[in-house]
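This report concerns only the one structure given below.
Just so it is clear: chains get the letters A, B, ... in the order the sequence lines come, proteins before strands, and each one is counted from 1. If you're wondering where the values come from, they're calculated on a predicted model, not measured in any experiment.
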There are 2 protein chains.
Amino acid sequence: MNKKQLQSEQTRKRIADAARHLFVQKGYKATSIEDITDATGSSKGNIYYHFKSKEGLFLYLLDEWDRDWIAKWQEKEHLYTSITEKMYGFAEQMVREDLNHPLTKAADEFFVGGDKTCEVEDRLAEMVESHLAFNRGLIQQGIDSGEFKPGAAEGLAVVLEALVIGLSQVSRRISLEQALDTYRLAIEVFLYGIAGRPET
Amino acid sequence: MNKKQLQSEQTRKRIADAARHLFVQKGYKATSIEDITDATGSSKGNIYYHFKSKEGLFLYLLDEWDRDWIAKWQEKEHLYTSITEKMYGFAEQMVREDLNHPLTKAADEFFVGGDKTCEVEDRLAEMVESHLAFNRGLIQQGIDSGEFKPGAAEGLAVVLEALVIGLSQVSRRISLEQALDTYRLAIEVFLYGIAGRPET
DNA sequence: TAATATACTGAACGAAAGTTCAGGATTCAA
DNA sequence: TTGAATCCTGAACTTTCGTTCAGTATATTA
């Protein structure tokens with residue numbers, strides 16, 4: 001690889017990292033291009049050389065995060081011997097990865113804000129659906145294996161998604177250790193809730 | 001009351017109602033003063049005649065909501081004969097009131113955004129604490145009455161808060177009926193989760 | 001009815017933020 | 001070495017948005 005290409009890739013990464021950090025910390029609208037230049041040392045123009053726009057930069061981060069998350073999950077998934085264990089693994093990966101998730105806080109601004117591009121809108125709808133599908137799959141696996149009581153997998157997937165979204169918001173201002181505890185407790189409650197719930 | 005005072009109060013209410021609706025729907029930053037004038041028909045200046053600033057308007061809505069919520073809760077609280085029932089009542093009031101809650105979506109922008117006034121910061125910290133205290137109280141009541149297993153009331157209060165926050169976000173794009181179902185299912189899971197959880 | 005207070009208007013201001021662009025610096029290829 | 005491609009700069013432009021203010025209309029009061 002060229003020296004030029006290498007340097008280009010490095011600054012691209014530097015910008016992406018700084019942007020992700022800022023989006024996570026401050027949200028999408030609240031972080032300005034100038035915030036990113038301040039954090040990276042490079043100029044405004046340089047950001048627009050590497051990325052189409054602010055929105056494009058955010059979209060890039062979303063894709064990047066998505067790929068990483070799936071990859072990390074697939075690495076570990078087969079190690080778990082029960083679905084219950086898998087759920088705790090899911091929670092652990094959530095707290096370790098999603099607390100730095102650019103979507104977590106920033107996506108909500110997009111969802112509701114009126115000035116979103118079609119591209120972003122589609123991308124986000126896609127991500128929500130894939131989250132719900134993931135949850136649904138997990139719960140269904142537990143039902144099939146006999147660990148969870150059958151029924152209402154669809155509704156429970158939504159409840160689990162709500163729990164995860166809420167946890168990531170609540171956890172934003174506490175330590176990683178506390179966050180892990182809270183997540184574990186939440187999953188514990190969720191699992192016992194599923195188990196104890198009367199069949200429908 | 002004067003005709004003038006009456007009219008003044010009416011427009012004040014009209015502005016507040018429109019603003020609340022918009023803040024809920026679009027978030028704080030995303031709704032402009034012009035959005036509000038468009039929705040009310042009155043002018044920009046008129047908003048600043050009735051309210052100190054955009055932030056002041058938001059703060060006014062927070063206070064108003066807080067008072068209403070507590071009042072409505074206290075009206076119903078004594079009607080419930082068990083804490084379990086109370087929890088479902090809590091969920092129902094949540095979905096009926098909080099889905100229109102100006103804080104739900106807008107507060108998060110304040111929490112993290114760097115440009116918040118001390119006044120707002122204090123007000124929000126206060127509200128979070130009172131929420132947690134409310135949850136803690138509810139859970140403790142259940143423990144004291146023997147309905148819930150003892151232990152970890154503090155942690156469970158946080159989990160419940162997370163659940164509620166997540167639910168209100170997830171529910172923003174579905175019908176009231178579906179939201180009610182989801183909330184009920186969530187509370188059911190939470191209650192069975194508490195009940196089935198091993199004592200700590 | 002005249003004077004005052006209250007309710008309201010809308011153009012204009014200024015700050016903030018996303019985006020562009022002409023041009024400079026550095027590296028690559030011939 | 002020289003021309004071209006690539007990487008980068010930062011000032012300037014544009015738009016958006018909160019806020020202000022001089023002025024108008026309506027109601028109250030004396």
What residues, two or more places apart in sequence or in another chain, satisfy ring-ring contact (aromatic ring centres under 6.0 Å, His included) together with B:Phe134?
-> B:Trp69, B:Trp73, B:Phe90
With sequence neighbours left out, the residues meeting ring-ring contact (aromatic ring centres under 6.0 Å, His included) with B:Tyr60 are B:Phe51
Quick one: do A:Lys13 and A:Asp17 make a salt bridge, cutoff under 4.0 Å?
-> yes
Name all residues meeting the side chain to side chain donor-acceptor pair (under 3.5 Å) criterion together with [X]; count only those two or more places apart in sequence or in a different chain, and write none if there are none.
{"X": "B:Glu129", "answer": "B:Arg136"}
{"X": "A:Asp38", "answer": "none"}
{"X": "B:Gln7", "answer": "none"}
{"X": "B:Ser43", "answer": "none"}

Kindly state which residues belonging to residues 42-54 of chain A come within less than 4.0 angstrom of DNA chain D, counting heavy atoms of the residue only, listed by number.
-> A:Ser42, A:Ser43, A:Gly45, A:Asn46, A:Tyr49, A:His50
Check the distance between [N]'s [atom2] and [X]'s [atom1] and give it to me in whole angstrom.
{"X": "B:Gln10", "N": "D:dA27", "atom1": "CD", "atom2": "C1'", "answer": "15 Å"}
{"X": "A:Phe23", "N": "C:dG18", "atom1": "CZ", "atom2": "C1'", "answer": "12 Å"}
{"X": "B:Ile36", "N": "D:dC17", "atom1": "CD1", "atom2": "P", "answer": "12 Å"}
{"X": "A:Ile33", "N": "D:dC8", "atom1": "CD1", "atom2": "P", "answer": "16 Å"}
{"X": "B:Glu34", "N": "D:dT15", "atom1": "CD", "atom2": "P", "answer": "15 Å"}
{"X": "B:Glu55", "N": "D:dT19", "atom1": "CD", "atom2": "C1'", "answer": "13 Å"}

When we call it a touch if two heavy atoms are under 4.0 Å apart, what does A:Thr40 touch: a base, just sugar-phosphate, or nothing?
-> nothing
Look at all strands and tell whether B:Thr37 reaches a base, only sugar-phosphate, or nothing, counting heavy atoms closer than 4.0 Å.
-> nothing
Pair listing, ring-ring contact (aromatic ring centres under 6.0 Å, His included) test, anchored in residues 135-167 of chain B, at least two apart = none
Can you find a side chain N or O atom of B:Thr11 that sits less than 4.0 Å from OP1 or OP2 on C:dC8?
-> yes
Heavy atoms under 4.0 Å is the rule here; annotate nucleotides 24-30 of chain C 5' to 3' with B where the base is hit, S where only the sugar-phosphate is, and - elsewhere.
-> --BBS--
I would like to know whether B:Phe23 and B:Phe58 meet ring pair (Phe, Tyr, Trp, His ring centres under 6.0 Å); could you show each step before the answer?
-> CA-CA 8 Å; B:Phe23 282 144; B:Phe58 184 71; 5.4 Å; yes
